[in-house]
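This one's a predicted model, so the numbers in the text were calculated from it and none came from an experiment.
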Amino acid sequence: MKISLLQEGETIQGVSVAQRYQEMIAEACLADKLGFYAWGTSEQHFNPPKFTVSAPEVLYAAIAAQTKDIKLRTMCAVMLQWNHPILVAERTSTLDIVSNGRAEIATARSNNLVTLEAFGVDPSTTRAQWEDGMEVLVKAFADETLQHEGPIWNIPPRTIVPRPLQTPHPPIYVSASSVQTHSNAGERGIGVLSFENYFGFDYLQECIDAYRAGLATNKSTIPRRTEQAGLYVATAFCDTTRARAVDIARNVTTSYFKFIIDLYAPLGKKGSYEYLDGRMLRLLEHEGDMDFLISETPSVMVGDPDDFIKRIRQLEQMGIDEILLRIDGIPHEDIMRSIELIGREVMPVINGGGK
């Protein structure tokens, strides 16, 4: 089981964005020393204080210079009209070079109406934009000369520079919330980063089963297959006791849950996002319910090291290969302590087969 860190630069009272960026660099360096598999951040716009990283490729370069082993995965590059897939390929290849072959790339089609509206994107077109952008991305990585004619992008023959250090290209993933996207990811032969939207363990299992079924079709023509199912844990925090962990993480846990409810309720009314609509009622009934969030959804992992080990074992049995922990939105010293506990008391047990 791989354990990774996903952070989004959430600021708290008294902490500036500039300070939070420096804190994240230090947190990534600690994760590197402790053997975490990957560090990453998402590309977000217009959503402070929870999300403040709008130019992740710059932050990755700083972290690459100060770490040795940890993979640096973009989580995620939004493959829509403001992010031309050629630019995404060029930035990823550059990161791969400066990190000595540690770059990975996850893509997404966005779930944020605030962002879509600002960039003039019709939500009903995001799936088509992502699918055509993925075709261009793979060609830009792997082909000597890129040429593409598709429903979104039409590109004459061009040579892309630089090429990635990893051949034929770095591992590719997609962020997925719907069963359909999980199935599509499997058919494409790329990794998947699941966010089950607080819908519960049964829904997550449905998504993972769809991904494995997609892989089994062997339809993929991608040069480098990535068969890995990761789970995004939207709020994670480990402390010496469960009570202490819950006390420190309560506000960030419930506020992130409310953010998702406010985000998805209107999005579920839009074309190609209908799968969200019918599931919102159950979430609305439990707004602010910390016990529900800890016990009933894989999107929250708050507790002591034993709680983390038990949950990770459960997820491993479901077919999850990687856990992506969002440890963010609390004081830096608490984040560092949590990373230390996971690295020293959870990961050795998970990887060594104890408990």
Side-chain angles (χ1 to χ4, degrees), residues 6-11 17 20-21 40-61 73-95 105-140 146 148-155 158 160 172-178 180-181 184-185 190 193 195 197 232 234 256 259-277 326 328:
L6 192 158
Q7 298 178 299
E8 296 170 308
E10 181 171 353
T11 57
V17 172
R20 184 70 195 110
Y21 278 28
T41 185
S42 58
E43 174 198 341
Q44 298 282 351
H45 305 271
F46 323 121
N47 281 290
K50 289 199 172 300
F51 310 95
T52 67
V53 183
S54 57
E57 61 275 358
V58 183
L59 188 56
Y60 281 101
R73 184 191 301 146
T74 304
M75 298 191 281
C76 296
V78 180
M79 299 285 283
L80 299 178
Q81 63 192 39
W82 73 84
N83 259 348
H84 196 292
I86 291 177
L87 298 180
V88 175
E90 291 169 340
R91 292 165 182 163
T92 305
S93 295
T94 301
L95 176 61
I105 174 86
T107 67
R109 64 183 181 112
S110 184
N111 57 10
N112 194 320
L113 281 178
V114 172
T115 302
L116 296 177
E117 289 171 353
F119 286 112
V121 177
D122 180 350
S124 67
T125 69
T126 59
R127 190 180 298 279
Q129 290 190 45
W130 174 78
E131 289 178 348
D132 201 40
M134 283 294 296
E135 298 291 336
V136 176
L137 180 68
V138 172
K139 289 179 180 179
L146 167 63
H148 182 77
E149 294 183 10
I152 306 298
W153 303 107
N154 289 282
I155 304 165
R158 293 292 186 269
I160 306 301
I172 299 176
Y173 305 77
V174 62
S175 174
S177 295
S178 70
Q180 180 180 350
T181 302
N184 291 348
I190 62 177
L193 308 182
F195 181 31
N197 309 291
Y232 170 51
Y256 195 99
F259 170 82
I260 291 297
I261 290 176
D262 292 345
L263 181 72
Y264 282 175
L267 188 63
K269 307 295 184 183
K270 303 293 184 178
S272 82
Y273 292 89
E274 298 90 342
Y275 72 95
L276 295 170
D277 194 25
R326 185 188 191 271
D328 214 344

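Remark: side-chain polar atoms of Y173 are not paired, donor with acceptor, to backbone N or O of C76 under 3.5 angstrom. Between the side chain of N47 and the backbone N or O of H45 there is at least one donor-acceptor pair closer than 3.5 Å. Side-chain N or O atoms of E57 include none that pairs as donor or acceptor with a backbone N or O of L95 at under 3.5 Å. Of the possible donor and acceptor atoms, none in the side chain of T181 sits under 3.5 Å from a partner among the backbone N and O of S177. Side chain of Y60 to main chain of G40: no donor-acceptor pair is present (N/O by atom type, distance under 3.5 Å, no hydrogens or angles). The backbone N or O of V174 lies less than 3.5 Å from no partner atom in the side chain of T107, so there is not a single donor-acceptor pair. Remark: the backbone N or O of R326 is not paired with any side-chain donor or acceptor of Y232 at under 3.5 angstrom.
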Evaluate the criterion side chain to side chain contact (heavy atoms under 4.5 Å, CB included) for residue pair M134 and I172; output intermediate values, then yes/no.
CA-CA 10 Å; M134 283 294 296; I172 299 176; 3.7 Å; yes

Given L116 and L80, is the side chain to side chain contact (heavy atoms under 4.5 Å, CB included) satisfied, shown in steps?
CA-CA 9 Å; L116 296 177; L80 299 178; 3.5 Å; yes

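Every pair tested for salt bridge (Lys or Arg N to Asp or Glu O under 4.0 Å) that includes a residue from residues 78-90 fails, sequence neighbours excluded, so the list is empty.
Listed here is the closest heavy atom pair of A234 and F195: CB-CE1, 4.1 Å. Pairing each heavy atom of P56 with each of T41, the nearest pair is CB-CG2, 3.7 Å. When every heavy atom of L113 is checked against every heavy atom of P123, the shortest pair comes out as CD2-CG, 3.7 Å. I152 and Q129 get closest at one heavy-atom pair: CG1-CA, 3.9 Å. Minimum interatomic distance between G133 and P85 (heavy atoms only, all atoms of both residues): O-CB, 3.5 Å. Shown here for E43 and S54, the closest heavy-atom pair between the two residues is CG-O, 4.1 Å.
A donor-acceptor pair shorter than 3.5 Å cannot be found between the side chains of Q180 and S178.
Side chains of F119 and N83 form no contact here, defined as non-hydrogen atoms less than 4.5 Å apart. Taking the side chain as every heavy atom from C-beta outward, E149 and N154 approach each other to under 4.5 Å.
Expressed to the nearest 0.5 Å, how far OG1 of T126 lies from CD of E131 amounts to 9.5 Å. To the nearest 0.5 Å, atom CG of residue L6 and atom CG of residue L193 are 8.5 Å apart. Atom CG of D122 sits about 10.5 Å away from atom CD of E117, to the nearest 0.5 Å. Rounding to the nearest 0.5 angstrom, the gap separating the CZ atom in R109 from the CZ atom in R127 is 4.0 Å. One distance of note links CZ of R158 with NE2 of H148; it measures 14.5 Å at 0.5 Å rounding. In this structure, the separation between CE on M79 and NE2 on H84 is 9.5 Å, given to the nearest 0.5 Å.
Under the side-chain hydrogen bond (donor to acceptor under 3.5 Å, both in side chains) rule, R20 has a single partner from T52, D328, T11, which is D328.
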